[in-house]
Amino acid sequence: MKQLDDSTPASGSDAPVDDDHARERSLQLGGAGIGPGFFSKYVGFLSGVRDELSKVTWPTRKMVVIETFVVLVVVFFFTALITGLDRFFALVFNRVLFGG
C-alpha cells in the first residue's frame, strides 16, 4: 500500500494541506485572488467585453415587437392544440374504459 506524506493530500481524505500551497495551487488553477496584475487583467477583461458587445447586431424595436407577437401567437396556438387533444383523448378514454 502506498503511503502519502503530509504535503500530498490523499484523494477523498482530510489530509492536512499547507495553506500557502493550497492558495498558490488555487491561483494556478484560476482561483480568484488579488495579486500583481489583477486590476490590469480586470480592465483588460472589461475592454474585451465592450469590444465583443460592439460586434453584436442589435434588433430594431419593430423586429422585437413582431417577433414577440409571433412567439405569443405560437404559444397560444400550441396551448389550444394541446388542450384540445387532452380533452379529446379524455373523452375517448372515458367512453372506452368506463362506457360513459
Engineer: Considering only Ile, Leu, Val, Met, Phe, Trp and Tyr, and joining two whenever side-chain heavy atoms are under 4.5 Å apart, list the other residues clustered with V56.
Structural biologist: Y42, F45, L46, V49, L53, W58
Engineer: Hydrophobic cluster membership, with links at side-chain heavy-atom distances under 4.5 Å among I/L/V/M/F/W/Y: are V65 and V70 in one?
Structural biologist: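 Hydrophobic grouping puts V65 apart from V70.
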Engineer: Of V73, V71, I66, L72, which is the lone residue that meets side-chain contact (heavy atoms from CB on, under 4.5 Å) with F69?
Structural biologist: V73
Engineer: Using only atom types and a distance under 3.5 Å, with no angle test, would you say the side chain of S47 pairs donor to acceptor with the backbone of V43?
Structural biologist: no
Engineer: Going by the rule side chain to side chain contact (heavy atoms under 4.5 Å, CB included), which residues pair with S54 if we only count those two or more places apart in sequence or in a different chain?
Structural biologist: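 Counting only residues at least two positions away or on another chain, S54 forms no side chain to side chain contact (heavy atoms under 4.5 Å, CB included).
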Engineer: Measure the CZ-CG distance between F89 and N94 for me, rounded to the nearest 0.5 Å.
Structural biologist: 13.5 Å
Engineer: What pairs with F88 under side chain to side chain contact (heavy atoms under 4.5 Å, CB included), at least two apart in sequence or on another chain?
Structural biologist: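 Testing F88 for side chain to side chain contact (heavy atoms under 4.5 Å, CB included), a comparison that skips the adjacent residues, returns V92.
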Engineer: Roughly how far, to the nearest 0.5 Å, is CD1 of I82 from CZ of R87?
Structural biologist: 13.5 Å
Engineer: Taking atom CG of L85 and atom CZ of F78, what is their separation to the nearest 0.5 Å?
Structural biologist: 11.0 Å
Engineer: As an exercise, state the distance from CG of D86 to CG of L81, rounded to the nearest 0.5 Å.
Structural biologist: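 Nearest 0.5 Å value for the CG-CG distance: 11.0 Å.
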Engineer: Which heavy atom of T68 sits nearest to which heavy atom of V64, and what is that distance?
Structural biologist: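 That would be OG1-O, 2.7 Å.
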